[in-house]
Student: 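Pasting a structure here, questions to come.
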Amino acid sequence: MRVNIALKGDEAAVRVLVKHPMETGLRKDKASGKVIPALYIQSLIIKHKGQEVVNAKCGIAVSKDPFFFFKIKGVASGDDFNFSWTDNTGKSDSKDEKVG
Amino acid sequence: MSIDTSRRLMLKGTLAASMAGVAAAAGLLTPTAVLAAWPKAAFDDKSIGGALSSLLGSSSAANSGDVKIKAPSIAENGAIVNVVVKTKLADVESISILVEKNATPLAFSADLAKSAAGFVKTRIKIGKTSEVLGVVKAGGKLLSAKQVVKVTVGGCGG
């Protein structure tokens with residue numbers, strides 16, 4: 001997971017990029033003819049100083065290697081952010097990032 | 001090519017911090033808690049009305065000039081379509097993106113706290129030429145804007 005936080009005034013432009021296949025469960029493997037099982041991120045949560053500011057929910061129609069961009073107000077240099085995602089198999093990842 | 005370039009730019013400078021936070025933050029959020037909150041019925045619904053009703057409590061979202069949606073009018077690759085939904089309305093509770101012609105229209109929905117601006121950008125898959133709907137829930141009401149995206153190569157098939 002890659003995160004970029006750009007502060008302008010007290011508003012933070014928060015960009016998140018996750019490396020994830022985002023398989024829909026609708027595609028077939030061309031060689032074997034078997035359906036490729038669904039594997040996609042369902043949830044991305046962003047916390048600012050411990051408070052949840054974004055709770056994003058994704059379906060299969062979010063693109064491979066999903067990219068998200070939000071704008072959070074009331075942010076100061078040095079503030080802590082936490083990012084975490086979970087996919088439909090329960091796999092998850094989390095990352096802390098300081099503004100600045 | 002242009003996507004790759006902007007992605008590289010975005011990543012610049014964030015590499016160093018990539019591993020430090022992972023260990024520290026592990027366990028803050030259990031998968032079961034998140035999965036329980038994931039609105040399966042809304043994402044599985046085959047109609048916009050059904051998905052909205054299940055997700056946001058009302059099946060209709062009035063078209064509003066206060067909601068703006070930005071997407072390409074022609075997508076060369078339906079697998080990666082940039083969509084921005086934004087609003088200047090106060091008390092935004094959530095912003096959702098739905099694709100009318102996808103088998104399950106609901107693509108993405110973000111609950112926003114008060115400190116989050118009425119803005120989301122993400123990349124979605126659009127199977128075939130379709131209206132894309134941005135729905136903002138603000139002050140308990142659903143408001144929307146839509147745009148047709150013409151797809152020349154499908155994003156949902158093999």
Side-chain angles (χ1 to χ4, degrees), chain A residues 1-5 11 13-17 22 24 26-30 36 42-48 51-75 80-98, chain B residues 7 10-15 17-18 20-22 24-32 34-35 37-39 42-44 55 79-82 84 86 94 96-97 99 102-127 155-158:
Chain A
M1 178 166 29
R2 312 278 198 221
V3 172
N4 182 285
I5 304 172
E11 187 175 272
V14 178
R15 293 171 174 87
V16 183
L17 183 68
M22 299 301 283
T24 60
L26 305 172
R27 294 199 314 145
K28 280 182 181 168
D29 185 303
K30 277 178 185 147
I36 304 169
Q42 289 187 324
S43 158
L44 171 80
I45 291 175
I46 303 178
K47 288 182 180 174
H48 171 222
Q51 293 289 318
E52 188 175 296
V53 287
V54 174
N55 182 344
K57 292 156 239 177
C58 305
I60 56 175
V62 170
S63 300
K64 180 183 176 184
D65 296 340
F67 168 78
F68 308 97
F69 180 5
F70 300 98
K71 293 177 179 174
I72 311 299
K73 296 174 283 190
V75 178
D80 289 316
F81 272 85
N82 172 263
F83 301 83
S84 58
W85 61 258
T86 306
D87 72 18
N88 64 316
T89 65
K91 188 171 174 254
S92 63
D93 192 14
S94 174
K95 177 183 177 69
D96 289 325
E97 187 83 16
K98 233 182 219 329
Chain B
R7 185 184 288 178
M10 187 203 122
L11 299 181
K12 228 168 153 183
T14 66
L15 290 165
S18 64
V22 175
L28 274 180
L29 208 70
T30 61
T32 46
V34 173
L35 289 172
W38 190 73
F43 278 107
D44 285 348
L55 184 71
I80 304 173
V81 182
N82 275 292
V84 175
K86 59 183 172 179
S94 72
S96 309
I97 298 172
V99 183
N102 277 1
T104 51
L106 181 61
F108 173 83
S109 182
D111 294 342
L112 302 174
K114 278 209 162 43
S115 63
F119 174 97
V120 302
K121 178 176 182 179
T122 189
R123 298 199 280 238
I124 60 168
K125 301 170 198 166
I126 300 177
C156 289

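Keep in mind that this is a model prediction, so the values were computed, not measured. Proteins get letters first, then strands, A, B, ... in listed order; numbering begins at 1 in each.
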Student: Would you call the rings of B:Phe108 and A:Phe68 parallel, tilted or perpendicular if under 30° counts as parallel and over 60° as perpendicular?
Tutor: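 B:Phe108 and A:Phe68: parallel rings.
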Student: Is the backbone N or O of B:Arg123 less than 3.5 Å from a side-chain atom of A:Ser63, with the two atoms forming a donor-acceptor pair by type?
Tutor: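 Flag set: sc A:Ser63 to bb B:Arg123 pair under 3.5 Å.
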Student: Can you tell which part of B:Ser94 gets under 4.5 Å to a heavy atom of chain A, answering side chain, backbone, both or neither?
Tutor: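 B:Ser94 has no heavy atom closer than 4.5 Å to chain A.
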Student: Is chain A contacted by the side chain of B:Lys114, its backbone, both, or neither, given a heavy-atom distance below 4.5 Å?
Tutor: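 It is the backbone, since no side chain atom gets that close.
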Student: I need the minimum non-hydrogen distance between A:Lys64 and B:Lys125, along with the two atoms involved.
Tutor: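 That closest heavy-atom pairing would be N-CE, 4.1 Å.
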Student: Quick one: salt bridge (charged side-chain N to carboxylate O under 4.0 Å, His left out) partners of A:Lys98, sequence neighbours excluded?
Tutor: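 In terms of salt bridge (charged side-chain N to carboxylate O under 4.0 Å, His left out), with neighbours along the sequence ignored, A:Lys98 is linked to A:Asp80.
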Student: Tell me, for A:Ile60 versus chain B, whether the close heavy atoms (under 4.5 Å) come from the side chain, the backbone, both or neither.
Tutor: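 Backbone plus side chain of A:Ile60, per the 4.5 Å heavy-atom cut-off to chain B.
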Student: Look up atom OG1 in B:Thr122 and atom CZ in A:Phe69, then write down how far apart they are to the nearest 0.5 Å.
Tutor: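 Nearest 0.5 Å value for the OG1-CZ distance: 12.0 Å.
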Student: Does B:Trp38 reach the main-chain N or O of A:Gly59 with its side chain, forming a donor-acceptor pair under 3.5 Å?
Tutor: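 No.
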Student: Who are the side-chain contact (heavy atoms from CB on, under 4.5 Å) partners of B:Ala42, not counting sequence neighbours?
Tutor: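 side-chain contact (heavy atoms from CB on, under 4.5 Å) check on B:Ala42 returns B:Pro39, B:Ser54, B:Leu55, B:Leu106.
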Student: Quick one: are B:Val120 and A:Phe70 in side-chain contact, heavy atoms under 4.5 Å?
Tutor: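 Sidechains of A:Phe70 and B:Val120: in contact.
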Student: Less than 4.5 Å to any heavy atom of chain B: does that hold for the side chain of A:Gln51, its backbone, both, or neither?
Tutor: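 Interface part for A:Gln51: neither.
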Student: Less than 4.5 Å to any heavy atom of chain A: does that hold for the side chain of B:Val81, its backbone, both, or neither?
Tutor: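 B:Val81 touches chain A through backbone heavy atoms alone.
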Student: To the nearest 0.5 Å, what is the distance between OG1 (B:Thr104) and CG (A:Leu26)?
Tutor: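 Here the rounded value is 7.5 Å.
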Student: Would you mind telling me which of A:Val75, A:Val53, A:Val54 makes a side-chain contact (heavy atoms from CB on, under 4.5 Å) with B:Ser115?
Tutor: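 For B:Ser115, the side-chain contact (heavy atoms from CB on, under 4.5 Å) test succeeds with only one of A:Val75, A:Val53, A:Val54, which is A:Val53.
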